[in-house]
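I have a structure here, written as structure tokens, and I will follow up with some questions on it.
On a predicted model such as this, the values are computed, not experimentally measured, just so you know. Note that these values count all heavy atoms, side chains included, but never hydrogens, waters or copies made by symmetry. Every chain is numbered from 1, with letters handed out A, B, ... down the list of sequences.
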Number of protein chains: 2
Amino acid sequence: MAGALRHDAMRAGNLAAVLGELDRTGPLTRAALAEATGLTKTTVSKLVAGLIDAGLAVESGAVRDGERGRPGTAVRLSGDRVAALGLEINVDYLSCCVVDLSRTVRLRRSRAADNRAAAPDRVIAGLRELATGALADAAALGLTVVGGTVALPGPVDRDTGTVHRAPNLGWRDVEVTGPLGLPVPVRAENEANLAALGELWFGAGPQLGDFLHVSGEIGIGAGLVVDGALFRGAHGFAGELGHVVVVPDGPACRCGGAGCLELYAGQDALLRPGGDLAALRDRLAAGDPVAVEGCERAGAALGVALAGAANLLDPETIVLGGIFAPLFHWVADPVRRELRDRLGQMRARVPAVVVSRTGAEAATLGGAGQVIRRVIAAPGDYLPQLVPPNNI
Amino acid sequence: MAGALRHDAMRAGNLAAVLGELDRTGPLTRAALAEATGLTKTTVSKLVAGLIDAGLAVESGAVRDGERGRPGTAVRLSGDRVAALGLEINVDYLSCCVVDLSRTVRLRRSRAADNRAAAPDRVIAGLRELATGALADAAALGLTVVGGTVALPGPVDRDTGTVHRAPNLGWRDVEVTGPLGLPVPVRAENEANLAALGELWFGAGPQLGDFLHVSGEIGIGAGLVVDGALFRGAHGFAGELGHVVVVPDGPACRCGGAGCLELYAGQDALLRPGGDLAALRDRLAAGDPVAVEGCERAGAALGVALAGAANLLDPETIVLGGIFAPLFHWVADPVRRELRDRLGQMRARVPAVVVSRTGAEAATLGGAGQVIRRVIAAPGDYLPQLVPPNNI
DNA sequence: CGAAATTAGTCTATGTTGTGGACTAAATAT
DNA sequence: ATATTTAGTCCACAACATAGACTAATTTCG
């Protein structure tokens, strides 16, 4: 119960320490690994041998780094064996990717689909087809997919794999992971949370420090990454930025509240004048004052909500993703202004506002990356041969 | 660097597991400890012997629990050796307490003082006097104080022990822990954060789950406890509830922003009609409609801000402390109403709103408790003899 | 060009820690 | 009184990391 440690846990922990170092710093010799982890060369050699046996690491040539002395043999994460599946159900598409242990994207598949119109089990069946195909392709590449994560556009109960409410799909308490019925363990997670992890591992990454990633879609979600891990809150529903109040006595929101951010900076509000995103960008590029001022207003509302979020969460960086990424040029300044005005005096540093580097794929990538991170953090759980069971 | 484990870490971890179990579950026999931790009886016996030697645990009589078989010997945390110091600097008082390992309060001292008028080093000197006396008294009780925490009314940089800005004291970038110059290591922490921990360990505690504790004083701070630990954000400035925006184009706030919660529900706003807290309570008790409606309005504003906070942080419970505790009866309903209206549809459960059980002492208790928790989580760091150094 | 110096990695003996099962101790049930 | 049951200790053993000697492969320098 209380994290008791035994010999196998010690070994598992040290395997994780070595893998983690390889993940963070890239290829390293055994000697460098020993230095970095504080373990002895002997121990590192034994651990690395286990990792190579299990297919998690490979030797990759000699390292002659100008120093004198015998050159070392670089060891790096192997992308040839273990992989993870990222899945996404969203309003107008299904999507899927396979990422290997070195966080290289090996496969992507996606399919346009009007999921708003379809029954949940039809949508899930469609995703099953897509994923089954991807699993077959991954197997053909020699990859062993050890698990997956499905991104869903709403608050998710991770224990049951259920999305509690997905207003944009019209779903309510739909169980996804069970009915999906894939031959690998799949967990469910909120799409905005996974997009934040996607940005962490496949976007600007560690330069961001602790950051808040805003996913502007029809709804507005946010994922907070602290110390390289998601902050989820008590029930995993943290980060519902779209329903933070911007105008207390504003118009009613479908969430039951009033004056929520979503009404002022959601996709529907931004595109209200009519037309799609491309049309809006054209008008903005042409300097259409109505469009520019619309973005200004949305940005200011977003800035008010983000100032509140920054007061409560204290992120180092705020990353604007989703629809705010293509509109960044027009939205960033009002956001920055509100943050500066509302936070500047109390805090030494106001969060930096940057644009997301990962596009629509952020959530699937984050989902696959999350499985990879679990493998790296606890390799024994996924590769039983690594930690010989001493409890028979 | 990457958490490598060696034998001494294994032992330290297992000592922590045993201590943690004793802390959570109370007195237990060695057999019950073995069951709870998953370690063998042999191992538990050895670990317990070490803890008893170090004075962290004691045997406390036989346990005849109606079962047949040999009765066990209960082991419990010892309150006779290790203790911690909690300190607080606030606007109108200095305060200090000593808590032992079993989280029993052994000493309290406090002193009224108008710290707004005094220079920081004078205030710190006053706290030093108070603390030095308490340390002497603790020594007379046979207690070894292993560390302390000082609570400060503003955002704190824990690395330097500096409070960045304490508007109510008129302080700016004042280093506290160094100049305090106590003979035990002292850390600084935000007062609202520590009040939340105080509620966790000395108030309603574990029943709350993950909770947000609101400290209403002149400013309004909040501390979030997740999984029994503080959520601090990137720079330790998380939880500034008072400057969450409630009315975007409202009046200017001294923080530089506008329409902050503090303007609508801070102590100054609540007591605006004049008089002190006692007078307000009298008027409320008498049913004075002006007073009641004032509380209604403040409660509604607080509810709006808390709905935003709940959207972002997803706590299980919201605890109202500070000035909101005595006014709970009049403030809770509007808070609950706003939460229900603004969160009810999106979430399965709306956070419960409860009153704080710890009074003005919350912060000092939380500060001392935090040191105690560190001792329990890493006893080897405080009692070197527990973990024989194998690295000479 | 060859020897010394330097660094990488392996091998072996050893120390620390937890384990499993036998053992003793002390209670209740029959 | 004896069997049964549970608590706690003892001892041989297993798992893991360690220290330091050793081999291997390179650069530096005479």
Side-chain angles (χ1 to χ4, degrees), chain A residues 2-18 27-52 57 59-75 380 385-392, chain B residues 2-18 27-52 57 59-75 380 385-392:
Chain A
L5 293 166
R6 313 195 255 162
H7 289 110
D8 54 347
M10 179 159 69
R11 182 172 157 84
N14 286 338
L15 284 166
V18 169
L28 287 170
T29 66
R30 292 169 175 83
L33 277 169
E35 173 104 10
T37 58
L39 298 165
T40 60
K41 288 189 294 176
T42 310
T43 304
V44 168
S45 283
K46 280 193 265 188
L47 293 169
V48 166
L51 293 173
I52 289 177
E59 295 193 334
S60 63
V63 172
R64 231 180 267 61
D65 54 351
E67 302 284 317
R68 60 182 166 181
R70 170 178 167 178
T73 321
V75 176
Q385 76 266 28
L386 269 177
V387 184
N390 71 10
N391 44 350
I392 304 165
Chain B
L5 293 167
R6 316 199 252 166
H7 289 107
D8 54 347
M10 179 160 69
R11 181 170 160 85
N14 286 337
L15 284 166
V18 168
L28 286 169
T29 66
R30 291 169 174 83
L33 277 169
E35 172 104 11
T37 57
L39 298 164
T40 60
K41 288 189 293 176
T42 310
T43 304
V44 168
S45 283
K46 280 193 264 187
L47 293 170
V48 166
L51 293 173
I52 290 178
E59 295 193 335
S60 63
V63 172
R64 230 182 270 54
D65 54 352
E67 302 284 316
R68 62 180 165 181
R70 168 179 168 179
T73 322
V75 176
Q385 77 266 29
L386 270 176
V387 185
N390 72 9
N391 43 350
I392 305 164

Between CE of B:Met10 and C1' of C:dT17 the distance, given in whole Å, is 4 Å
Heavy-atom closest pair (A:Leu5 atom, B:Asn14 atom, distance to 0.1 Å) is N-OD1, 2.6 Å
Separation of C:dT28 atom P from B:Arg64 atom CZ, nearest Å, is 7 Å
Here the distance between atom P of D:dG8 and atom CG of B:Leu33, to the nearest Å, is 9 Å
Listing time: all N or O pairs from protein to nucleotides 22-26 of chain C that are below 3.5 Å?
{"unit_1": "C:dA25", "atom_1": "N3", "unit_2": "B:Arg70", "atom_2": "NH1", "d": "3.4"}
{"unit_1": "C:dA26", "atom_1": "N3", "unit_2": "B:Arg70", "atom_2": "N", "d": "3.4"}

Taken to the nearest whole Å, NZ/A:Lys46 to P/D:dA17 is 7 Å
note: A:Leu15, atom CG; D:dA15, atom P; distance rounded to Å ~ 16 Å
Comparing nearest nucleotides in DNA chain C, the 5'-proximal residue of the pair A:Ser45, A:Leu5 is A:Ser45
Per atom distances to the B:His7 side chain, the nearest of D:dT9, C:dT19, C:dT16 is C:dT16
To the nearest 0.5 Å, atom CZ of A:Arg6 lies from atom CE of B:Met10 at 11.0 Å
Nearest heavy-atom contact between A:Val44 and A:Arg30 is CG1-O, 3.6 Å
Between CD of A:Glu35 and C1' of C:dG9 the distance, given in whole Å, is 15 Å
Angle separating the five-pair end axes of the helix from C:dC1-D:dG30 to C:dT30-D:dA1, nearest 10°, is 10°
When every non-hydrogen atom of A:Ala17 is compared with those of A:Thr37, the smallest separation belongs to O-CG2, 4.2 Å
Note to self: So for B:Thr42 and C:dG21, does any side-chain atom that can act as donor or acceptor lie under 3.5 Å from a complementary atom in the base?
What the structure shows: yes
note: B:Asp8, atom CG; C:dG15, atom P; distance rounded to Å ~ 17 Å
Rounded to whole Å, the CZ-P distance (B:Arg11 to D:dA17) equals 18 Å
Can you see if the side chain of A:Thr73 gets near the phosphate of C:dG9 - specifically, an N or O under 4.0 Å from OP1 or OP2? yes
Counting only side-chain nitrogens and oxygens, does B:Asn14 get under 4.0 Å of the OP1 or OP2 atom of C:dT17? no
Notebook entry, point to check: A:Arg11 and A:Leu47: side-chain contact (heavy atoms from CB on, under 4.5 Å), yes or no, with the steps?
Noted result: CA-CA 8 Å; A:Arg11 182 172 157 84; A:Leu47 293 169; 3.9 Å; yes
dist A:Leu39:CG -> A:Ser45:OG (nearest 0.5 Å) comes out at 11.0 Å
Taking D:dT28, C:dG20, D:dA7 as options, the one with an atom nearest any side-chain atom of A:Arg68 is D:dT28
Has B:Thr43 got a side-chain N or O lying under 4.0 Å from the OP1 or OP2 atom of C:dT19? yes
Taken to the nearest 0.5 Å, the spacing of B:His7 NE2 from A:His7 NE2 works out to 5.0 Å
Sugar-phosphate only, base, or nothing, as touched by B:Thr29 at under 4.0 Å among non-hydrogen atoms: sugar-phosphate
The reported gap from OG1 in B:Thr29 to CD in B:Glu35 (rounded to nearest 0.5 angstrom) is 9.5 Å
